[in-house]
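These numbers come from the heavy atoms of this one structure, side chains and all, not from hydrogens, waters or symmetry mates. The chains referred to below are lettered A, B, ... by the order of the sequence lines, with proteins before strands, and numbering in each begins at 1.
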Amino acid sequence: MSTPTPPPTPAKKDESRQATHFIRQIIDRDLAEQRYDVVATRFPPEPNGYLHIGHAKSICLNFGLAESYGGRCHLRFDDTNPTKEEQEYVDSIQSDVRWLGFDWGEHLYFASDYFQQMYDFAVKLIKDGKAYVDSLSKEELREHRGSLTEPGRESPYRSRSVEENLDLFERMRKGEFADGEHVLRAKIDMASPNMLMRDPLLYRIVNASHHRTGDAWCIYPMYDYAHCLEDAIEHISHSICTLEFENNRELYDWVLENVGYTEPRPHQHEFARLNLDYTVMSKRKLLTLVKEGHVSGWDDPRMPTIAGLRRRGYTPEAIRAFADMIGVAKTNSVVDIGKLEYCVRDDLNHRAPRVMAVLNPLKVTLTNYPLDLSEKLDASYWPHDVPKEGSRPVPFARTIYIERDDFAEVPPKGWHRLTVGGEVRLRYGYVIRCYDVVKDAAGEIVELRCSYDPATRGGASPDGRKVKGTIHWVAAPQAVRAEVRLYDRLFTVPAPDAAEGDFKDNLNPESLVVVEALVEPSLGSAQAGAHYQFERQGYFVADIVDHTPERPVFNRVVTLKDSWTRKTAGPAVDAATARREAKAKKDQGRPRPTKLSPAQLRAKAREADPQLAAAFARFQTEHGLSEDDADVLTGDTALAAFYEAAAEGHAPEPVAKWVTNVLLAEVKDRPVSDLPFDGAAFARLIELADAGTVSTPGAKAVLEVMLKDGGEPADIVKARGLEAVTDDGALQRLVDDALAANPDNVARYKEGKTALLGFFVGQVIRASGGSADPTRVKALVKATLDA
RNA sequence: UGGGGCGUCGUCAAGUGGUAAGACACGGGAUUUUGGUUCCCGCAUUCGCAGGUUCGAAUCCUGCCGCCCCAACCA
């Protein structure tokens with residue numbers, strides 16, 4: 001034997017990769033600005049169901065962030081609704097998070113532990129006149145809330161005195177009222193365009209026993225009131241949640257500010273939740289599957305729950321790799337379930353020993369094998385490319401079983417397996433040849449009669465003969481019977497929750513197929529939870545619940561990638577398309593308010609203000625501006641005035657372009673009236689650029705300075721040395737340097753990659769500190785390159 | 001009186017005025033006693049569409065289009 005192949009060096013893969021996503025950028029910024037001393041995140045599940053793979057994404061994000069920034073991550077149960085929450089869920093959640101490989105240390109918290117503090121804050125809000133007890137019925141409340149397009153109406157109880165509110169709220173707490181009789185609301189704004197700000201409910205009466213606080217409380221805080229307080233009480237720095245809470249952020253901030261929290265305080269950031277195709281992810285739907293018995297429980301191996309994936313045989317490492325792979329962003333997306341499968345294969349490949357198991361047995365008799373011979377063949381647990389040691393003896397016999405699929409009477413083109421008159425190698429065994437097929441009365445093949453070649457023991461080919469196929473097998477006398485559960489995706493369509501009708505209509509009837517398999521004897525001693533690769537078939541795990549030495553039970557985690565049968569792959573509608581189509585159907589006829597565009601807003605402003613309307617007309621007739629430019633410049637008075645001042649005594653057209661394209665981009669939402677310079681100064685800057693005294697990028701640099709400190713453009717140009725460099729000699733030297741520094745790109749340019757021209761121009765302009773005149777640089781670069 | 005978000009390859013996803021990263025999937029080849037693994041190679045002249053600004057635009061401006069979220073005493 002030569003030296004064992006060294007393990008592949010992971011260096012290449014690991015060196016650069018610290019995924020930087022928008023949340024990391026926010027944290028980096030906050031840390032740089034010293035807003036927080038430590039990064040503190042939290043994973044805040046409500047204990048009303050089992051965790052699923054979507055939660056795993058959030059767990060990996062929150063705990064991963066804390067770990068990588070040397071901070072902490074809390075596990076906090078958001079248990080503010082006693083009617084839905086149970087201790088069973090509290091326990092399962094903790095065990096799932098731990099199984100995934102994360103540790104909250106001493107930071108285990110419950111929202112219910114803060115009920116008194118939250119109550120006290122509510123009293124403060126009442127005393128400050130910022131909260132009131134409302135006594136409207138549920139229906140009245142809804143009516144008063146208005147709609148997406150109409151403002152709400154204030155409740156008649158909104159003006160109750162502080163004393164009355166205090167009294168009522170205390171009596172609510174004491175249990176003097178029935179469910180729904182009163183609520184505590186924040187006094188914000190019933191006309192807010194954000195529905196959540198229309199005097200949101202803070203507390204409701206729920207006469208129910210809580211799984212932790214028992215009957216100590218009969219009023220419970222609402223999510224929007226409670227969650228931000230939980231974060232603040234725990235000194236969370238970055239409160240990360242999913243996109244559907246974007247609208248809640250305004251209320252999150254309102255509550256914290258109005259109960260008196262000041263910076264540094266927690267801030268909420270939202271990312272896109274995970275969607276996977278061919279499954280459902282909502283707790284409600286998962287609960288339905290469990291309750292109606294479509295699956296065996298929360299830990300059914302077909303469920304996307306952590307418990308289900310664990311039982312299926314997924315590893316924490318695979319799930320974490322998956323979380324890394326899919327990234328963190330704000331785009332609503334649906335991830336291909338193939339990525340999850342890739343991750344578990346990739347992980348199991350190097351940790352699952354190879355064994356042989358026949359799922360659908362076909363009897364084979366080796367008619368020239370001595371009747372009295374009994375031998376054991378040595379079979380490695382690992383393929384040549386997994387750097388691990390270990391093997392087991394596998395008994396061989398005159399009668400063996402092979403996979404029914406590995407024989408074909410009429411083989412398709414490209415068949416590598418057994419056929420009549422053909423040869424195939426038995427893995428670690430012998431080369432055999434089939435010469436006869438035995439069928440029963442129904443025409444079903446019941447046995448193959450083959451000969452074996454004694455010279456090929458161990459699968460060798462001493463005569464150099466080419467044997468294309470190698471198949472797995474088990475010796476009949478020693479074969480062990482095992483239950484094998486073949487799992488497949490739970491649904492037959494990529495977006496089951498979007499399709500028409502009930503999502504359960506799309507359940508895959510073949511998501512579980514149980515077979516009685518014959519496995520090699522070494523599997524008789526398999527331990528529950530142990531992973532194996534059944535060669536050529538897939539990865540399997542000894543079921544952690546049902547597997548026993550007497551009755552082995554294996555779950556299929558995932559099949560092997562199969563480039564032979566794959567060519568029959570179906571058309572595959574992608575999930576996003578399916579969802580979209582279904583949604584379009586659902587939405588038909590439902591009135592939706594349409595958002596006013598900026599153009600409409602500007603038109604409205606002009607309608608309301610005759611001065612603006614006049615300016616709009618004047619800019620077109622007197623200044624000769626296009627309707628578009630005139631429109632943009634007359635959305636508000638300040639901008640119109642700024643432009644008009646700048647245009648005074650200058651050519652209007654370039655001024656309009658500079659204002660709309662350059663200035664607007666820089667000031668964003670800041671009103672131009674706040675600028676530390678006026679239109680006239682801006683006009684002088686444009687003149688400098690027009691005259692070629694400064695280049696365009698140079699002028700933008702000047703504008704940066706003016707935006708910050710004001711000042712006279714010409715002075716800034718002089719002070720910063722921003723005069724345009726137009727001296728060809730100096731420019732040529734810079735060009736030569738840039739070309740010399742990038743020989744590869746010069747070569748690629750000459751091969752036809754002309755897009756690189758911009759690259760070289762950029763290099764030269766950068767080298768000049770932004771003062772080189774781009775037009776000249778471009779000409780020089782091109783001439784030099786083409787020479 | 002509506003508001004808040006999002007559109008970059010089949011699927012995820014970098015990119016923040018100067019060469020459209022990477023991964024999965026897919027196609028081809030090499031190695032292979034697993035039709036597995038591994039290794040090479042290929043795979044967006046273009047970033048929802050259209051105008052504009054700029055020497056140069058996925059990135060800036062304008063318009064249009066599409067998608068998601070909000071009217072629970074759920075979270």
> Of A:Lys138 and A:Trp415, whose nearest nucleotide on RNA chain B comes first from the 5' end?
Replying inline: A:Trp415
>> Once you apply a heavy-atom cut-off of 4.0 Å, does A:Ile765 come out as touching a base, just sugar-phosphate, or nothing?
In response: base
> Salt bridge between A:Arg465 and A:Asp453, side-chain N to carboxylate O under 4.0 Å?
Replying inline: yes
>> Counting the atoms with a prime plus P, OP1 and OP2 as sugar-phosphate, which does A:Asn332 contact under 4.0 Å by heavy atoms, base, sugar-phosphate, or nothing?
In response: sugar-phosphate
> With a 4.0 Å cut-off, would you call A:Glu143 and A:Arg153 a salt bridge?
Replying inline: no
> Rounded to the nearest 0.5 Å, what separation is found between the CG atom of A:Asp224 and the OH atom of A:Tyr252?
Replying inline: 11.0 Å
> Counting any heavy atom closer than 4.0 Å, what does A:Phe245 reach on the DNA or RNA strands: base, sugar-phosphate only, or nothing?
Replying inline: base
>> When both hydrogen-bonding distances must be under 3.5 Å and the geometry is Watson-Crick or G-U wobble, what is B:C6 paired with, if anything?
In response: B:G66
>> Applying the Watson-Crick and G-U wobble criteria at under 3.5 Å, what pairs with B:C26? Answer none if nothing qualifies.
In response: B:G42
> Per the atom types in the model, does the base of B:G35 pair as donor or acceptor with the side chain of A:Arg417 at under 3.5 Å?
Replying inline: yes
>> Rounding to an integer number of Å, can you tell me how far A:Lys330 NZ sits from B:C69 C1'?
In response: 12 Å
> Can you give one letter per nucleotide of nucleotides 41-53 of chain B, going 5' to 3': B for a protein heavy atom under 4.0 Å from the base, S for sugar-phosphate only, - for none?
Replying inline: -----------BS
Please tabulate, for the side chains in residues 351-359 of chain A, all donor-acceptor contacts under 3.5 angstrom to protein atoms that are two or more places apart in sequence or on a different chain.
residue, atom, partner, partner atom, Å
A:Arg351, NH1, A:Glu317, OE1, 3.4
A:Arg351, NH1, A:Asp347, OD1, 3.3
A:Arg351, NH1, A:Asp347, OD2, 3.3
A:Arg354, NH1, A:Asn349, O, 2.7
A:Arg354, NH1, A:Ala352, O, 2.9
A:Arg354, NH2, A:Asn349, O, 3.4
A:Arg354, NH2, A:Asn349, OD1, 2.6

>> Between P on B:G36 and CG on A:Asp406, what's the gap in Å once rounded to a whole number?
In response: 14 Å
> Looking at B:G15, B:A71, B:G36, which one has an atom nearest to any side-chain atom of A:Arg142?
Replying inline: B:A71
>> Base of B:U34, side chain of A:Gln537 - is there a donor-acceptor contact under 3.5 Å?
In response: no
> Hey, mind stepping through A:Tyr225 and A:Tyr203 against ring-ring contact (aromatic ring centres under 6.0 Å, His included) and telling me if it holds?
Replying inline: CA-CA 8 Å; A:Tyr225 177 69; A:Tyr203 272 91; 5.5 Å; yes
>> Could you tell me how far B:C73 sits from B:C65 if I compare only their P atoms? Round to whole Å.
In response: 34 Å
> Does the ring of A:Trp564 meet both stacking tests against the six-membered base ring of B:G35: centre distance under 5.5 Å and plane angle under 30°?
Replying inline: yes
> So do A:Leu625 and A:Tyr643 actually touch side chain to side chain, heavy atoms under 4.5 Å?
Replying inline: yes
> Can you name the salt bridge (Lys or Arg N to Asp or Glu O under 4.0 Å) partners of A:Arg427, sequence neighbours left out?
Replying inline: A:Glu535
>> Taking pairing as Watson-Crick or G-U wobble with both contacts under 3.5 Å, can you name the mate of B:G17, or confirm there isn't one?
In response: none
> Do we count A:His416 as stacking onto B:G35 if the rule is ring centres under 5.5 Å and planes under 30°?
Replying inline: yes
> Rounded to whole angstroms, how far apart are NZ on A:Lys339 and P on B:A13?
Replying inline: 9 Å
>> Heavy atoms from C-beta onward define the side chain here; which of B:C24, B:A75, B:G18 lies closest to that of A:Glu46?
In response: B:A75
> When the P atoms of B:U11 and B:A25 are considered, how many whole Å apart are they?
Replying inline: 15 Å
>> Closest-nucleotide mapping onto RNA chain B: is A:Val335 or A:Tyr539 further toward the 5' terminus? I mean the 5' end.
In response: A:Val335
> Taking the same atom, P, in B:A57 and in B:U16, what whole-Å distance lies between them?
Replying inline: 16 Å
> Could a donor-acceptor pair under 3.5 angstrom be found where the side chain of A:Asp336 meets the base of B:C12?
Replying inline: no
> How about A:Tyr223 and A:Phe245: are their ring centroids closer than 6.0 Å?
Replying inline: yes
> For the side chain of A:Lys84, counting heavy atoms from C-beta on, which of B:C26, B:G35, B:C74 is nearest?
Replying inline: B:C74
